[in-house]
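Worksheet for the structure shown next.
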Amino acid sequence: MIYKKYISYSLLVISGIFLLCTVFAADISLVNGLVMGKVHWFHLAMVFLVICCLTATVLTKPAKPFTFSVADGAILVLTVIVAFTYDWQLNPEPEKILFAGQLVVLWFLLRFIFTEWPQSKIFFLAAIAGTGLIEAVSGMRQLHGFEGSNHSLFRLTGDFYNPGPYSGYLAMVLPVCLWMILQFNGYKKGEWRQAEIYLHYLGWISLLAIIVVLPAGMSRAAWIAAVVSCGWVYWVQRIGWEKTKRFIKGHRILTTVSSFVILILVAGALVGIYVLKKESADGRLLLWKITAQAITKQPWTGTGLGGFPAAYAETQAEYFSSGKASETEMLVAGCPEYGFNEFLQIGLEQGVFGLLVFVLLLSYSLFRGVKNRQIGAAGGILALMVFSLASYPLQLPEFWVVLVVLMGVICTSVASDTPPTPSREGRKILSVAITGILMLCCGWIFWQQKGYYQGYKKWNTMKMLYNNKAYEAACDGYEELVPLLGHKPELLFEAAQCLSKAERYADANVLLERAMQLSGDPMIHYMAAKNEQAQGNFPEAERLLLHAIDMLPERIYPYYLLTKLYAEPTFFQEDKFIKATDAVLTKEPKVESTAIREMRTEVKSMLNNIRQNRN
C-alpha cells in the first residue's frame with residue numbers, strides 16, 4: 001500500500017507541475033503564440049491531470065469524503081451567469097467559453113484532490129513559487145542580454161508579451177514565497193532530510209530573485225500589489241489583530257502620529273507613481289470613466305463575455321460627440337481591447353450581479369485563507385485583486401490557472417470530526433465515479449477545442465502571405481478560416497483586406513460588419529468606408545468615417561480619408577472638404593511620422609488643385 005501511496009502522490013505532483021507550467025508555454029507556429037500556446041497547453045495539461053487523478057483514485061483508498069462548500073456554489077452561480085449573459089447568436093468568444101468550462105472542471109478536480117490528498121497542497125504552492133523563480137531568472141537573463149524578449153520595445157518580458165503582466169505574475173507569486181519563509185522558519189535548523197527546510201530556502205531564493213527583477217518591469221500596479229499583499233501576509237502571519245489592538249491601546253499618541261506620517265508617505269508615493277507615467281495614468285482614468293458609463297447602459301444583463309471592446313467604443317463615441325470631453329481626454333483616448341480594470345470589465349460583461357458574485361467569491365477566499373491558515377495563498381489572491389484594479393491579468397490564461405489553484409488550496413479544509421460516511425469501499429466507488437465524470441467533461445471540452453490549434457497554425461501561414469502583401473494568394477485560405485475563427489476581429493480584418501485588394505468590396509464589408517460587432521478598432525471603420533467609397537456608396541462611407549472620428553477625434557487618418565471622399569466629383573462638398581483638410585493640416589499627431597507628412601503633402605496638393613480649378 002505504501003508504494004501505491006507514493007505512486008499516487010508522484011502522479012499528482014507531476015501533473016500539478018505540468019499544469020502550472022502553463023505560464024512557460026509558447027508556440028511560435030501559432031498566431032499570438034504566447035497566449036494561444038498557453039491556452040492549448042492548459043487543455044492538454046487538464047487531460048493529463050484528470051488521468052493522473054483517476055489513476056491515483058484507483059490505486060489508493062480515499063482519506064476523507066468530498067463535501068460541497070460555499071465556494072463551490074459560488075463557482076456554479078458564476079458559471080450560470082456567464083452562460084446566461086453570453087451572446088450565443090454573435091458567439092464572440094467561443095474559445096473563452098471552452099476555457100471557462102475547463103476552469104470549472106479544474107476547480108472541482110482540485111477540490112477533490114486536496115480533499116483526498118491534503119498534503120498535496122504544499123506541493124502546488126511550492127510549484128507556484130518555483131514558476132516565479134524561473135520567470136525571475138528569465139527576466140534577469142533578458143535584462144543582461146543573454147535571452148531575447150518577446151517585444152521589440154521592451155528588454156524585459158519573461159514568458160509574456162510585455163512587462164506589465166510579467167510584473168503582475170511575479171507580484172502574485174511574491175506573497176506565497178514570503179509565507180513559505182515565515183511558515184517554515186522553525187525548520188531551518190532541522191535535519192536536511194526534512195522537506196520543510198527546502199521549502200523555506202525555496203521561498204527565500206524565489207523572493208530575492210523576484211525583488212531584484214520586479215522594479216525593472218516599471219509596472220506601478222505590480223509594485224503596489226506586491227507591497228500590499230506582502231505587508232498583509234507579514235501582518236497576519238507574525239502580528240495579528242490582537243497584538244495590533246494591544247499596541248494601539250498602549251501607544252495612542254505614537255499610533256496617531258505614525259498613521260499620519262504613513263498617510264502622507266502613501267499619498268506622496270501615489271502622486272509620484274502618477275507623475276511617473278502621467279499620460280498613461282490619464283488614459284487609464286478615461287478608460288475607467290467610459291467603462292463605468294457603459295455599465296450603466298445595461299447594468300443587469302451586461303454585454304456578455306467578449307462584449308467589452310465594441311460596447312466601450314460605442315460609449316466613448318457617444319461621450320466625445322456630446323461635447324463633454326476635455327482636450328486631455330481626447331488626446332489620451334484609445335479603443336482598447338481590455339478595460340485595464342478587471343472588476344469594471346466583469347461588471348460590463350457579466351452585469352452588476354456577476355461582478356458581485358465574483359467579488360464575494362474572492363472575499364470569501366480571503367476569509368477562508370485566514371481561517372484555514374493558508375495566508376500565502378490568500379496573499380497571492382490579494383495581490384491579484386490589487387493588480388487587477390489597473391491591468392488585465394484575467395485576460396491571460398496563466399493567471400486564471402494560478403488563481404483557481406490558490407482558491408482550491410484555501411477553500412478545501414478537512415474537518416477533524418466528519419459526519420458518518422459510507423464504508424471505504426463505498427467511498428472509493430464514489431470517488432472513482434466523481435473523477436470519471438470530471439474526466440468525461442474534460443475530454444469533451446478538449447475535443448471541442450482541438451480544431452482551433454490547426455486553425456491558428458493555418459492562420460499563421462496566411463498571415464505571412466498577408467504581411468508580404470500576397471493578398472490574392474492568401475484570399476482563399478482566409479475565407480476557409482472564417483467559419484472557424486470568425487470570432488477574431490484581426491482575422492476578419494486581414495481577410496477583408498485581401499478581399500478588398502481583389503476588388504470584392506461587398507464581400508469584404510460583410511466581414512467588417514461582423515468585426516465591428518466584436519471590436520472597437522477604428523481601423524475597421526476606415527477600411528469599410530474605403531470599400532463603400534470604391535462602390536460609390538458615398539453617404540455610407542461618410543457615416544462610417546464620422547462615427548470613427550467620434551470614437552477617436554484626434555486621429556488624423558479619418559480626416560484624410562474624408563478629404564478624399566469629399567473630393568469625389570459626384571460627392572464634392574466644398575465646405576466639408578475645407579473643414580477636413582484643415583483638420584489634417586492643423587491637428588497635432590501623437591507621434592510625428594513619415595505617413596503624417598505624406599498625408600499632409602497630398603492634402604495640400606488636392607487643396608491647391610481645387611483652388612486652381614475654381615479660379
Side-chain angles (χ1 to χ4, degrees), residues 17-42 45 126-178 201-227 229-230 273 276-277 280 337-338 340 380 383-384 386-388 390-403 456 460 463 467:
I17 292 173
F18 194 75
L19 173 72
L20 291 168
C21 282
T22 298
V23 66
F24 308 125
D27 192 338
I28 60 173
S29 68
L30 306 178
V31 171
N32 195 17
L34 282 174
V35 175
M36 299 317 302
K38 291 174 173 59
V39 170
H40 293 295
W41 176 280
F42 168 68
I128 291 173
T131 62
L133 174 60
I134 294 171
E135 283 294 340
V137 171
S138 176
M140 292 178 196
R141 287 174 55 81
Q142 289 174 343
L143 287 173
H144 291 88
F146 297 112
E147 185 178 325
S149 74
N150 295 311
H151 197 296
S152 59
L153 299 179
F154 305 105
R155 292 178 62 186
L156 178 67
T157 61
D159 288 293
F160 298 79
Y161 185 64
N162 64 60
Y166 170 73
S167 300
Y169 187 85
L170 294 182
M172 181 172 60
V173 175
L174 194 61
V176 178
C177 300
L178 177 61
Y201 286 113
L202 172 62
W204 264 117
I205 296 169
S206 301
L207 180 133
L208 292 175
I210 291 172
I211 288 176
V212 167
V213 78
L214 188 60
M218 296 298 291
S219 172
R220 298 157 295 176
W223 296 345
I224 296 172
V227 170
S229 60
C230 287
I273 288 173
L276 182 64
K277 293 181 180 179
S280 173
E337 187 178 355
Y338 313 126
F340 284 84
L384 181 61
V386 175
F387 184 64
S388 296
S391 192
Y392 54 94
L394 298 183
Q395 307 306 314
L396 302 174
E398 56 271 37
F399 285 94
W400 275 112
V401 172
V402 176
L403 174 61
Y456 278 100
N460 198 37
K463 201 175 186 69
N467 291 335

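This structure is a prediction, so every number in the text was calculated from the model and none was measured. Side chains are part of it too, since the values below use all heavy atoms of this structure and drop only hydrogens, waters and symmetry mates.
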(request) May I have the step-by-step check of side chain to side chain contact (heavy atoms under 4.5 Å, CB included) for Asn460 and Val31, ending in yes or no? (result) CA-CA 5 Å; Asn460 198 37; Val31 171; 4.0 Å; yes
Spatial distance of atom [atom1] ([X]) from atom [atom2] ([Y]) [nearest 0.5 Å]:
X      : Y      : atom1 : atom2 : answer
Ile210 : Met140 : CD1   : CE    : 9.0 Å
Ile211 : Leu170 : CD1   : CG    : 11.0 Å
Phe399 : Met172 : CZ    : CE    : 5.5 Å
Leu133 : Leu207 : CG    : CG    : 11.0 Å
Trp41  : Met36  : CH2   : CE    : 15.5 Å
Glu398 : Phe24  : CD    : CZ    : 10.5 Å

(request) Scan residues 127-155 for pairs that pass salt bridge (Lys or Arg N to Asp or Glu O under 4.0 Å), counting only residues two or more places apart or in two chains. (result)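 The answer is Arg141-Glu147.
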(message) My understanding is that only residues two or more places apart in sequence, or in another chain, count here; which of them pass side chain to side chain contact (heavy atoms under 4.5 Å, CB included) with Ala171?
(response) Ala222, Ala225, Ala226
Return the minimal non-hydrogen interatomic distance between [X] and [Y], and the atom names on each side.
X      : Y      : result
Val173 : Gly132 : CG1-CA, 3.9 Å
Leu30  : Gly37  : CD1-N, 4.1 Å
Lys38  : Asp159 : NZ-O, 2.9 Å
Leu19  : Ala45  : CA-CB, 3.8 Å
Ala390 : Ala221 : CB-CB, 4.0 Å
Ala136 : Tyr166 : CA-OH, 3.7 Å

(message) Heavy-atom count check: over 12 atoms from other residues, nucleotides or ligands less than 6.0 Å from Tyr161 OH?
(response)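 Open: at most 12 neighbouring heavy atoms sit under 6.0 Å from OH of Tyr161.
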(message) Tell me whether the count of non-hydrogen atoms from other residues, nucleotides or ligands lying under 6.0 Å of CD1 in Ile28 goes above 12.
(response)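 Result for CD1/Ile28: open.
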Does [X] reach the side chain of [Y], with side-chain heavy atoms less than 4.5 Å apart?
X      : Y      : value
Ser229 : Leu174 : no
Leu34  : Phe160 : no
Leu156 : Ser149 : no

(request) Look only at the side chain of His144 and the backbone of Phe146, and say whether a donor-acceptor pair between them is shorter than 3.5 Å. (result) no
(message) Strictly distance-based, threshold 3.5 Å: is any side-chain N or O of Ser388 a donor or acceptor partner for the main-chain N or O of Leu384?
(response) yes
(request) Could you check Ser219 against Phe387 for side chain to side chain contact (heavy atoms under 4.5 Å, CB included), going step by step and ending with a plain yes or no? (result) CA-CA 10 Å; Ser219 172; Phe387 184 64; 3.7 Å; yes
(request) Go through the structure and list residues passing side chain to side chain donor-acceptor pair (under 3.5 Å) with Tyr169, not counting sequence neighbours. (result) Thr131
